[in-house]
**Q** 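Input: one structure, supplied below.
What you see below is based on every heavy atom in this structure, not just the backbone, and it leaves out hydrogens, waters and symmetry mates.
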Amino acid sequence: MTTKTFFITGVSSGIGRALAEAVLASGGNVAGTLRNRDQVGEFEALAPGRAKALIADVTDREQVEIAIKDAVDVFGRIDVVANNAGAGTVGAIEETSEAEAHAIFDLNFFGQFNVVQAALPILRRQQSGHILTFSAIGGFTGFPGLGVYSAAKAAADVMSEALAQEVASFGIRTTILTLGIFRTKFASGSLRFTKTGMAEYAETPAGKFRGFIGGLDGKQPNDPEKAAQAIIEIVEADEPPLHLPLGQDALGVVGKKLDQVRGDVDRWSDLAASVVFADAAK
């Protein structure tokens, strides 16, 4: 990999950490955000002078802006913004409180929004850069038991689709990573559950998902280190994709959703077209 500086949110574990280690191993620089000061020394020891730990919670706009500024002060530029930080919350939509829904969106949507807005002035001045939106199969299609989380990820996806068109003329690329199920802490340490669990949902897909996701820890099919290598490959590509599913499970979910949408559109196209004014249809 050519020498690049990555700004990666959430480098304490999971794919964020795997990506940071892969970038550093290839000779690149990493400015990575952490929330725990005790982890700073350990992260920077991975590659002294090329690994910079930044204390920031992506839900705090001021902390994000300071982290971006500090990254540029240290490395002079940012080539790749990896919007990785996020966490899942399990619960049916009816079980999710308003406060919990706000917290889910604050982290998984507004956290990415804060990072993008803070980084864009830097990338525009450079007339270059690549923004990576770390999404999930739950952001591409709604999953029962992850309804509000899926909504937050979907919002980030659509924002990124618009962003890609808004910033292309500045030389900035955008890629949405639709992640399958990876062997990270998503299904264990970082996973949250709604405080309310309703008996009425116990035998529904949403209720059964509570037990399923907890039993998945250590059995997830996808490798974070291989994901990191795939991400580096698209960053190096001359024409990187706007959408990239990662994992066989992600490919399956994306293909099924596309087929379903196309099937509905084809079956109901006559009705869909019937609502226009007669003069507009000519």
Side-chain angles (χ1 to χ4, degrees), residues 1-2 4-11 14-16 18-20 22-23 28-33 56 58 61 64-65 67-68 71-72 75 77-86 105 107-141 149-180 182 227-247 250-251 253-254 257-258:
M1 185 183 77
T2 56
K4 285 185 168 65
T5 294
F6 281 61
F7 181 90
I8 307 173
T9 62
V11 295
I15 296 177
L19 179 60
V23 171
N29 306 315
V30 175
T33 70
V58 295
R61 180 60 172 258
V64 169
E65 290 176 347
I68 290 285
V72 175
F75 296 117
R77 62 184 293 112
I78 295 172
D79 298 295
V80 181
V81 176
N83 239 330
N84 165 72
F105 267 80
L107 177 56
N108 294 290
F109 173 75
F110 285 104
Q112 297 218 21
F113 175 79
N114 289 340
V115 172
V116 166
Q117 282 206 328
L120 278 176
I122 307 300
L123 304 186
R124 283 192 293 101
R125 282 199 294 271
Q126 295 173 174
Q127 291 289 292
S128 68
H130 197 154
I131 297 172
L132 304 174
T133 298
F134 282 64
S135 189
I137 51 178
F140 195 82
T141 191
Y149 169 79
S150 293
K153 285 295 191 182
D157 284 11
V158 175
M159 177 181 71
S160 299
E161 289 177 342
L163 178 71
Q165 299 170 71
E166 293 173 354
V167 301
S169 62
F170 302 118
I172 302 170
R173 298 167 168 180
T174 305
T175 297
I176 302 161
L177 303 170
T178 301
L179 303 175
F182 279 82
Q229 294 301 325
I231 292 166
I232 288 174
E233 185 171 334
I234 64 162
V235 166
E236 290 292 294
D238 291 334
E239 296 183 6
L242 175 58
H243 290 276
L244 180 68
L246 284 177
L251 285 169
V253 167
V254 169
K257 171 74 174 283
L258 294 175

**Q** Between Val72 and Phe7, is a side-chain contact (heavy atoms from CB on, under 4.5 Å) present by the stated rule, with each step listed?
**A** CA-CA 10 Å; Val72 175; Phe7 181 90; over 6 Å; no
**Q** A side-chain contact here means heavy atoms from C-beta on lying under 4.5 Å apart; do Ile231 and Ile15 qualify?
**A**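 Side-chain contact under 4.5 Å: yes.
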**Q** Compare every heavy atom of Ile78 with every heavy atom of Ala71, then report the nearest pair and how far apart it is.
**A**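 Distance-wise, the nearest heavy atoms are CB-CD1, 4.2 Å.
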**Q** Check whether any side-chain N or O of Lys257 sits under 3.5 Å from a backbone N or O of Phe140 as a donor-acceptor pair, and report yes or no.
**A**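 Present.
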**Q** I'd like to check the side chain to side chain contact (heavy atoms under 4.5 Å, CB included) partners of Val116; sequence neighbours left out, ordered by chain and number.
**A**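 Asn83, Leu120, Ile131, Leu163.
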**Q** For Val30 and Ala20, which heavy atoms make the closest approach, and how far apart are they?
**A**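 Heavy-atom minimum between the residues: CG2-O, 3.7 Å.
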**Q** Applying salt bridge (charged side-chain N to carboxylate O under 4.0 Å, His left out), name anything that partners Arg77, two or more places apart in sequence or on another chain.
**A**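 Asp79.
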**Q** Can you name the nearest heavy-atom pair linking Ala22 to Ile232, along with the distance?
**A**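 In this case the closest contact between Ala22 and Ile232 is CB-CD1, 3.6 Å.
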**Q** Which pairs count as side chain to side chain donor-acceptor pair (under 3.5 Å) when at least one residue sits in residues 164-180, sequence neighbours excluded?
**A** His130-Thr175
**Q** Describe, in one word, how the ring planes of Phe109 and Phe113 are oriented to each other, choosing from parallel (under 30°), tilted (30 to 60°) and perpendicular (over 60°).
**A** parallel
**Q** How long is the span from the OG1 atom in Thr133 to the CG atom in Leu177, to the nearest 0.5 Å?
**A** 7.5 Å
**Q** Going by side chain to side chain contact (heavy atoms under 4.5 Å, CB included), name the residues that satisfy it together with Ala151, two or more places apart in sequence or in a different chain.
**A** Phe105
**Q** So, using side chain to side chain contact (heavy atoms under 4.5 Å, CB included) as the criterion, who are the partners of Ala119 when residues are at least two apart?
**A**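 Listed in chain order: Ile68, Val81.
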**Q** Provide the full list of side chain to side chain donor-acceptor pair (under 3.5 Å) pairs with a residue in residues 111-120, sequence neighbours left out, each pair given once.
**A** Arg61-Asn114, Arg61-Gln117
**Q** Does Glu161 have any side-chain hydrogen bond (donor to acceptor under 3.5 Å, both in side chains) partners at least two apart in sequence or in another chain, and if so, which?
**A**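 With neighbours one apart ignored, the set is His243.
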**Q** Check Thr9 against Ala85 and note the closest heavy-atom contact, atom names and distance.
**A**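 Minimum heavy-atom separation between Thr9 and Ala85: OG1-N, 2.9 Å.
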**Q** Carefully, step by step, assess Tyr149 and Asn108 under the rule side-chain contact (heavy atoms from CB on, under 4.5 Å).
**A** CA-CA 8 Å; Tyr149 169 79; Asn108 294 290; 3.7 Å; yes
**Q** Residues in side chain to side chain contact (heavy atoms under 4.5 Å, CB included) with Ala82, at least two apart?
**A** Ile8, Leu19, Leu132, Phe134
**Q** Taking all atoms of both residues into account, what is the closest heavy-atom pair of Val23 and Phe6, and its distance?
**A**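 Between these two residues, the closest heavy atoms are CG1-CD1, 3.6 Å.
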**Q** Taking all non-hydrogen atoms of both residues, which atom of Ala250 and which atom of Ile137 are closest, and how far apart?
**A** CA-CG2, 3.5 Å
**Q** Tell me every residue that passes side-chain hydrogen bond (donor to acceptor under 3.5 Å, both in side chains) with Ser150, counting only those two or more places apart in sequence or in another chain.
**A** none
